[in-house]
A.B. asks: 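I have a structure here, written as structure tokens, and I will follow up with some questions on it.
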Amino acid sequence: MAGTMLPPPRPLLAAAGALSFCLCSSLLLAVADARVHNYTWDISYQYKSPDCFEKLAVTVNGEAPGPTIRATQGDTIVVNVHNKLETENTAIHWHGIRQIDTPWADGVAGVTQCPILPGETFAYKFVVDRPGTYLYHAHYGMQRVAGLNGMIVVKVPDGIVEPFSYDEEHTVLLGDWWHKSVYEQATGLTETPFVFVTAPQSLLINGRGTFDCSLAPSGTCNASSPDCGLRPLFTAVPGKTYLLRIGSLTSLSSLSFEIEGHSMTVVEADGYYVRPFVVKNLFIYSGETYSVLVKADQDPRRNYWAASHVVGRNASQTPSGKAIVSYAFKGNNPWIPPPTAPPAGPAWNNTVIRVQQSRAIFAHPRFVEPMPAGADRTLLLLNTQNRIDGHIKWTINGVSLIFPATPYLVAMKRGMTTAYDQRPPSDTYDHMSYDISAPAPTNGTVRSPVYRLALGSVVDVVLQNSNMLNNKSETHPWHLHGHDFWVLGYGEGKFNPAADAWRLLNVRDPIMKNTVPLHNDGWTAVRFRADNPGVWLFHCHIEAHVFMGMGVVFEEGIERVGKLPPSIMGCGQSKGLH
Ligand SMILES: *[C@@H]1O[C@H](CO)[C@@H](O)[C@H](O)[C@H]1NC(C)=O
Ligand SMILES: *[C@@H]1O[C@H](CO)[C@@H](O)[C@H](O)[C@H]1NC(C)=O
Ligand SMILES: *[C@@H]1O[C@H](CO)[C@@H](O)[C@H](O)[C@H]1NC(C)=O
Ligand SMILES: *[C@@H]1O[C@H](CO)[C@@H](O)[C@H](O)[C@H]1NC(C)=O
Ligand SMILES: *[C@@H]1O[C@H](CO)[C@@H](O)[C@H](O)[C@H]1NC(C)=O
Ligand SMILES: *[C@@H]1O[C@H](CO)[C@@H](O)[C@H](O)[C@H]1NC(C)=O
Ligand SMILES: [Cu+2]
């Protein structure tokens with residue numbers, strides 16, 4: 001049983017030698033030891049036109065998306081965040097970084113810290129303990145919608161060989177974009193009558209898109225703006241192989257990404273090597289990252305489309321995201337649109353092919369992370385949409401999560417029992433009689449509770465989808481902070497604990513991830529070890545959905561958390577604490 005398993009190995013980092021400091025803009029020496037990368041970021045609103053429509057965007061040092069953080073496994077990242085938003089708080093989450101021994105640096109306002117006030121500076125300091133492709137983004141209210149996001153690339157140390165090879169690498173950050181402000185969106189979700197955010201106006205590739213300015217009021221959109229438009233993704237040398245590190249930080253959309261005429265070999269998912277598989281379209285959900293190999297093996301005399309398409313929701317309401325892949329060939333101009341029509345993308349309503357791709361992802365045979373044979377606790381989490389006091393909310397086993405004024409981490413560490421809801425949420429729901437193919441019949445409650453997990457225990461979570469109030473079901477990408485989980489499996493319909501337990505167990509080579517889709521009309525099962533002292537959010541990565549309560553909070557080993565930095569305090573009941 002799981003209880004007798006040894007704890008997983010701790011990262012080697014603590015054993016690393018003396019840290020050598022560097023200024024990252026002027027890194028010249030290759031240092032064998034772990035390094036500290038020290039960034040200073042001004043977070044401010046700026047007028048930007050990422051899809052040619054001008055609007056305010058939250059920027060990092062004036063840029064949206066923010067800079068890619070590049071480091072080597074074992075390095076320390078320091079980001080000094082100056083909040084220059086003037087009238088708005090912020091907090092930044094380092095997505096996929098487990099924050100071992102630094103749970104206060106996870107960057108979730110209300111869970112791991114107080115929000116950073118305008119005019120204040122907050123220093124995030126954490127170790128990137130695994131190689132792979134990760135992300136960062138705002139985690140305050142729905143602020144991510146306004147643009148604060150970027151990528152983190154963690155390389156393997158020199159001398160470590162990866163299970164694939166390539167000539168060059170590029171990052172591809174996918175997003176979706178609205179012309180309504182984040183305030184209008186959030187207000188629509190909370191007011192009565194409810195107004196949903198609706199379909200995004202554009203899909204962005206590396207922060208750039210092309211909106212048809214003839215559809216915008218005059219003076220708001222400029223197709224010649226230097227911020228926007230079709231641009232080269234990369235230029236390939238014929239015969240060479242490229243590693244694309246692809247991440248999605250869409251606020252709503254599930255995507256399909258493809259490069260016209262080229263297949264992609266998937267080699268990494270959320271920082272884990274996968275058993276390589278070849279796709280034409282890569283389905284990617286918000287919060288996921290994949291690395292793919294692309295071989296420059298097509299006619300080099302022309303350019304090709306890179307394109308993203310909405311899937312899982314009506315795709316005809318959002319034009320596809322587009323960029324250009326060109327070849328280094330005499331006379332080729334990498335800015336010229338390809339001679340062909342952009343790819344149409346797969347049928348947006350074809351759930352079957354999306355589930356098939358989810359099921360095709362296994363650990364690389366030489367990098368299987370041994371999984372405990374059983375779980376100490378199983379959580380059956382029913383996702384429903386409910387009407388609560390006239391508002392539309394998402395609830396998990398009847399609870400719609402609202403972040404308390406005092407961050408959970410501070411409240412729990414300091415024993416502030418009135419700062420959050422002491423009544424534990426339910427481990428299960430009435431799965432015998434609940435009808436998942438009907439809108440939720442009961443009302444839920446808006447609360448701030450926490451699942452307390454035994455430190456070191458093994459937890460299985462089965463996420464169960466159900467029909468929304470409009471009697472349809474849709475995909476929710478669930479993201480776990482502070483851990484990676486083994487993906488046990490995906491199923492259709494309602495998970496039946498008695499009959500389906502055997503279907504769960506891919507014990508041979510399950511992939512580990514930090515984000516996983518809960519497909520429409522189905523369930524998804526994951527397993528993780530609660531071995532990282534802290535308080536961790538687990539939530540739908542659709543910005544509107546977590547804003548409407550679609551998340552839960554896990555705590556484990558709070559007594560083992562080190563001394564909290566005073567900089568995370570100052571709000572709610574943590575005023576005046578240090
Ligand atoms: C990072 O740089 C800032 C500003 O240059 C400096 O004040 C701070 O001490 C540095 N921190 C580390 C850990 O190097
Ligand atoms: C559109 O942007 C271009 C490039 O910055 C600029 O030259 C032009 O004046 C702008 N047009 C309008 C109508 O603002
Ligand atoms: C999808 O959206 C388009 C454009 O708004 C609309 O014409 C079509 O009916 C929609 N399809 C479905 C299945 O809702
Ligand atoms: C998807 O929608 C199209 C047109 O709206 C319809 O013909 C097709 O049957 C649908 N496919 C699935 C798998 O539902
Ligand atoms: C649910 O809430 C609605 C509106 O607030 C109310 O009319 C209805 O009676 C409630 N239903 C139950 C089962 O509590
Ligand atoms: C809701 O949709 C399901 C199919 O998912 C259907 O069987 C059922 O009749 C619908 N219920 C209502 C109230 O429309
Ligand atoms: Cu969701």
Side-chain angles (χ1 to χ4, degrees), residues 95 137 139 141-142 144-145 176 178-179 185-186 189 194 196-203 211-212 215 248-256 281 283-288 309-320 344-358 381-386 392-397 399-402 436-437 439-440 444 461-481 490 492 514-524 526 537-552:
H95 181 115
H137 58 81
H139 223 306
M142 283 177 63
R144 180 158 67 85
V145 168
D176 50 8
W178 282 258
H179 294 169
Q185 291 195 24
L189 296 175
F194 176 87
F196 192 58
V197 300
T198 70
Q201 276 67 55
S202 294
L203 295 182
F211 186 72
D212 177 356
L215 302 174
S248 173
L249 281 177
T250 54
S251 293
L252 174 67
S253 314
S254 303
L255 298 176
S256 160
N281 306 289
F283 295 109
I284 180 166
Y285 303 90
S286 180
E288 287 190 316
H309 300 96
V310 170
V311 291
R313 303 178 68 92
N314 190 335
S316 54
Q317 293 166 11
T318 306
S320 51
W348 66 267
N349 56 354
N350 191 338
T351 303
V352 174
I353 55 173
R354 291 195 289 120
V355 177
Q356 269 170 5
Q357 193 170 103
S358 294
L381 301 183
L382 175 68
N383 292 229
T384 60
Q385 202 182 45
N386 299 62
I392 298 180
K393 298 282 185 189
W394 284 98
T395 73
I396 306 304
N397 288 358
V399 175
S400 184
L401 180 68
I402 184 167
I436 61 159
S437 51
V461 179
V462 183
L463 294 160
Q464 176 65 59
N465 217 331
S466 74
N467 281 12
M468 303 180 288
L469 293 174
N470 66 4
N471 203 31
K472 289 184 182 142
S473 169
E474 64 184 34
T475 301
H476 305 279
W478 275 77
H479 171 59
L480 178 58
H481 292 229
Y490 303 86
E492 277 169 47
N514 61 60
T515 305
V516 71
L518 169 59
H519 290 291
N520 41 286
D521 308 295
W523 51 263
T524 297
V526 302
L537 186 60
F538 180 44
H539 65 104
C540 175
H541 214 260
I542 292 177
E543 200 69 341
H545 288 182
V546 67
F547 187 72
M548 292 159 72
M550 198 170 205
V552 298

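In what follows, every heavy atom counts, from backbone to side chain, and hydrogens, waters and symmetry copies are set aside. In listed order, ligands and their atoms are each counted from 1.
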A.B. asks: Pairs of nitrogen or oxygen atoms closer than 3.5 Å, one from Gln317 and one from ligand 3: do any exist?
C.D. replies: yes
A.B. asks: For atom 9 (O) of ligand 3, which protein heavy atom lies nearest, and how many Å away is it?
C.D. replies: Asn314 ND2, 4.7 Å
A.B. asks: Would atom 12 (C) of ligand 4 count as contacted, meaning some protein heavy atom under 4.0 Å?
C.D. replies: yes
A.B. asks: At less than 2.8 Å, would any N/O/S atom of His545, backbone or side chain, sit next to the Cu ion (ligand 7)?
C.D. replies: yes
A.B. asks: Work out the angle at the Cu ion (ligand 7) between SG of Cys540 and ND1 of His476, rounded to 10°.
C.D. replies: 130°
A.B. asks: Please list, in number order, the atoms of ligand 3 under 4.0 Å from a heavy atom of Ser316.
C.D. replies: 1 (C), 2 (O), 3 (C), 4 (C)
A.B. asks: Would a 4.0 Å cut-off, counted as strictly less than, catch a protein heavy atom around atom 2 (O) of ligand 4?
C.D. replies: yes
A.B. asks: Between His539 and Phe547, is the ring centroid distance below 6.0 Å?
C.D. replies: no
A.B. asks: Write out the residue and atom name of the closest protein heavy atom to atom 4 (C) of ligand 4, then the distance separating them to 0.1 Å.
C.D. replies: Asn349 ND2, 4.6 Å
A.B. asks: So, using ring pair (Phe, Tyr, Trp, His ring centres under 6.0 Å) as the criterion, who are the partners of Trp478 when residues are at least two apart?
C.D. replies: Phe538
A.B. asks: For Ile353, check side-chain contact (heavy atoms from CB on, under 4.5 Å) against everything at least two apart and list the hits.
C.D. replies: Phe283, Pro346, Asn350, Gln356
A.B. asks: Protein non-hydrogen atoms only, distance under 4.0 Å: does atom 7 (O) of ligand 4 have such a neighbour?
C.D. replies: no
A.B. asks: Can you tell me which residue among Glu288, His541, His479 is in a side-chain hydrogen bond (donor to acceptor under 3.5 Å, both in side chains) with Thr515?
C.D. replies: His479
A.B. asks: Does the N or O separation between Asn350 and ligand 4 drop below 3.5 Å for any pair?
C.D. replies: no
A.B. asks: For the residue pair Leu463 and Tyr490, establish whether any side-chain heavy-atom pair is separated by less than 4.5 Å.
C.D. replies: no
A.B. asks: Below 6.0 angstrom between ring centroids: does that apply to His179 and Phe211?
C.D. replies: yes
A.B. asks: Mind checking the OG-CD spacing from Ser254 to Glu474? Nearest 0.5 Å is all I need.
C.D. replies: 8.5 Å
